[in-house]
Amino acid sequence: MDQKIEYNMKKTALITGINGMDGSHLADFLLKKGYTVYGVERRSSTRNRTNTKHLENTVNFLQGDLTDQNSLLRCLKESNPDEVYNLAAQSFVGESWNTPEHTSEVTGLGVLRILEAIREFNPKIRFYQASSSEMFGRMVENPANENTPFYPRSPYGVAKLYGHWITKNYRESYNMFACSGILFNHESERRGIEFVTRKISDGVARIKLGLADHITLGNLDAKRDWGYAPDYIEVMWLMLQQDAADDYVIATGETRPIKEFLDEAFKLIGIEDWTPYIKIDQKLIRPAEVDVLRGDYSKAQKQLGWHPKTNFTDLVKIMVETDIKLLTQ
């Protein structure tokens, strides 16, 4: 066996946001590589382990909160990790206008708190920050790369930008191995129901099964660069295996409007004209819309050997078929 792989198999990782889409997929990935995995979840009266119920006997769950630095420090002491992946955030862009202060505390300042906890506990820990294509917002150039100026168009995007820059600042100020993955939209069957792609896949499944007669959506003209989350998880890990920390744009390089997502989803249940099944709610239109997002992942391809493996049509198929299965169990 390759010596580097042998070394990887002895590592310990701490994942914040373990119960989210990315966190659960990352835990699956790292466990297959032989890691010991600790996952941070918030204390709540009802735990949401929908995405991680299959991991309850293999992942060590710890309680922590990005708004409480002492809890993060305690998680570091309990896990003593080689790598920390910060995937926790108030991650729903639409909600960030309703709760801008909370979004800033968690998605922005939360990154500072975990970086400071790492610096205090063990600055040799390798740190991954989940940055976002929403930082580009009103795109200055298309496609966007690592040198494209940022122009966030939501409290979420602004908070993510703070997290991105504070990660870079700690890397340069304290010589910490801290890097950011600027991930464009990536989806999977584990996506939260409040997100547009899962709204569509769940809604289409319900329409097929006679459980609903329409889906309520907002702006159908927005264009996004959509990939499959498990493909993107691999590159998070690759970033932390390099000799030097750096930031990377992760994307497919292709944009598709929400209307095309609807085309593919409804085709799977034999419906060509989906317009009778869609209702538009103006309350779902963002105050400042991001019309298009598209990324250039050539740096990641060249330096990390990464490229997306799952195409758009297959992504939609996976999500719709999974939701049909979930509703018929």
Side-chain angles (χ1 to χ4, degrees), residues 17-28 39 41-42 44-55 87-99 102-103 106-107 130 132 134 154 156 183-220 222 224 226-230 232-233 256-266 268-269 271 274 277-286 290 310 312 314-329:
I18 183 75
N19 293 323
M21 177 186 71
D22 282 355
S24 62
H25 283 305
L26 179 61
D28 289 338
E41 60 182 0
R42 286 179 298 158
S44 63
S45 56
T46 55
R47 286 178 178 161
N48 182 7
R49 289 188 181 173
T50 302
N51 290 332
T52 52
K53 58 186 176 183
H54 66 292
L55 298 173
L87 308 184
Q90 189 301 99
S91 58
F92 186 42
V93 178
E95 175 60 23
S96 72
W97 276 281
N98 297 326
T99 56
H102 173 70
T103 300
V106 176
T107 307
S132 169
E134 289 286 337
S154 65
Y156 170 82
L183 272 59
F184 279 67
N185 293 67
H186 51 291
E187 313 296 326
S188 89
E189 62 275 22
R190 299 181 188 175
R191 174 57 90 186
I193 198 69
E194 70 273 20
F195 289 81
V196 64
T197 52
R198 185 69 191 288
K199 268 189 186 178
I200 293 171
S201 64
D202 175 74
V204 166
R206 289 178 183 276
I207 289 168
K208 174 179 173 58
L209 298 171
L211 301 174
D213 59 9
H214 72 277
I215 307 170
T216 302
L217 299 172
N219 178 18
L220 303 184
R224 294 292 182 267
W226 273 307
Y228 186 45
Y232 287 43
I233 294 308
R256 313 270 183 162
I258 291 172
K259 288 178 179 177
E260 194 166 336
F261 201 104
L262 288 164
D263 287 340
E264 295 294 335
F266 273 96
L268 291 166
I269 62 169
I271 295 174
W274 44 259
Y277 300 94
I278 300 299
K279 292 185 179 179
I280 302 300
D281 185 348
Q282 293 299 318
K283 288 185 283 189
L284 297 176
I285 305 292
R286 298 178 183 181
V290 173
T310 308
F312 178 76
D314 288 342
L315 162 64
V316 179
K317 184 179 180 183
I318 290 168
M319 293 184 68
V320 172
E321 290 184 348
T322 301
D323 275 324
I324 291 171
K325 184 178 178 180
L326 286 172
L327 291 168
T328 52
Q329 285 178 345

Please report the closest heavy-atom contact between [X] and [Y], naming both atoms and the distance.
| X | Y | answer |
| --- | --- | --- |
| L315 | G227 | CD2-O, 3.6 Å |
| P257 | W226 | O-CZ3, 3.9 Å |
| T197 | E187 | OG1-OE1, 2.7 Å |
| A27 | I18 | CB-CD1, 3.7 Å |
| A265 | V320 | CB-CG2, 3.9 Å |
| Y232 | N185 | OH-O, 4.3 Å |

[atom1]-[atom2] distance between [X] and [Y], expressed to the nearest 0.5 angstrom:
| X | Y | atom1 | atom2 | result |
| --- | --- | --- | --- | --- |
| E321 | K325 | CD | NZ | 10.0 Å |
| I278 | I258 | CD1 | CD1 | 10.5 Å |
| S201 | K317 | OG | NZ | 15.0 Å |
| N48 | K53 | CG | NZ | 10.5 Å |
| S24 | I233 | OG | CD1 | 8.0 Å |

Intermediate values then yes/no, side-chain contact (heavy atoms from CB on, under 4.5 Å), I200 and L262: CA-CA 7 Å; I200 293 171; L262 288 164; 3.8 Å; yes

Sub-4.5 Å side-chain heavy-atom contact between V204 and I215: yes

N51 side chain vs N19 backbone, donor-acceptor pair below 3.5 Å: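 Flag set: sc N51 to bb N19 pair under 3.5 Å.
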
Check: R198 main-chain N/O paired with R191 side-chain donor or acceptor under 3.5 Å: no

Candidate pair F266 and I207, rule side-chain contact (heavy atoms from CB on, under 4.5 Å), full reasoning: CA-CA 9 Å; F266 273 96; I207 289 168; 4.0 Å; yes

Taking side chain to side chain contact (heavy atoms under 4.5 Å, CB included) as the test, write out the residues that go with [X], two or more places apart.
| X | result |
| --- | --- |
| S188 | M21, H25, R190, Y228, A229, P230 |
| T216 | H214, K279, D281, L284 |
| L209 | L211, L327, T328 |
| T322 | E189, I318, L326 |

Candidate pair E95 and Y156, rule side-chain contact (heavy atoms from CB on, under 4.5 Å), full reasoning: CA-CA 8 Å; E95 175 60 23; Y156 170 82; over 6 Å; no

NZ/NE/NH1/NH2 to OD/OE distance under 4.0 Å, R49 and E41: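 Yes, this pair counts.
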
Pair listing, salt bridge (Lys or Arg N to Asp or Glu O under 4.0 Å) test, anchored in residues 204-216, at least two apart: D202-R206

Ring geometry between F312 and F261 (parallel below 30°, tilted from 30 to 60°, perpendicular above 60°): perpendicular

Test ring pair (Phe, Tyr, Trp, His ring centres under 6.0 Å) applied to F184 - qualifying residues, sequence neighbours left out: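 Per chain and number, F184 pairs via ring pair (Phe, Tyr, Trp, His ring centres under 6.0 Å) with F136.
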
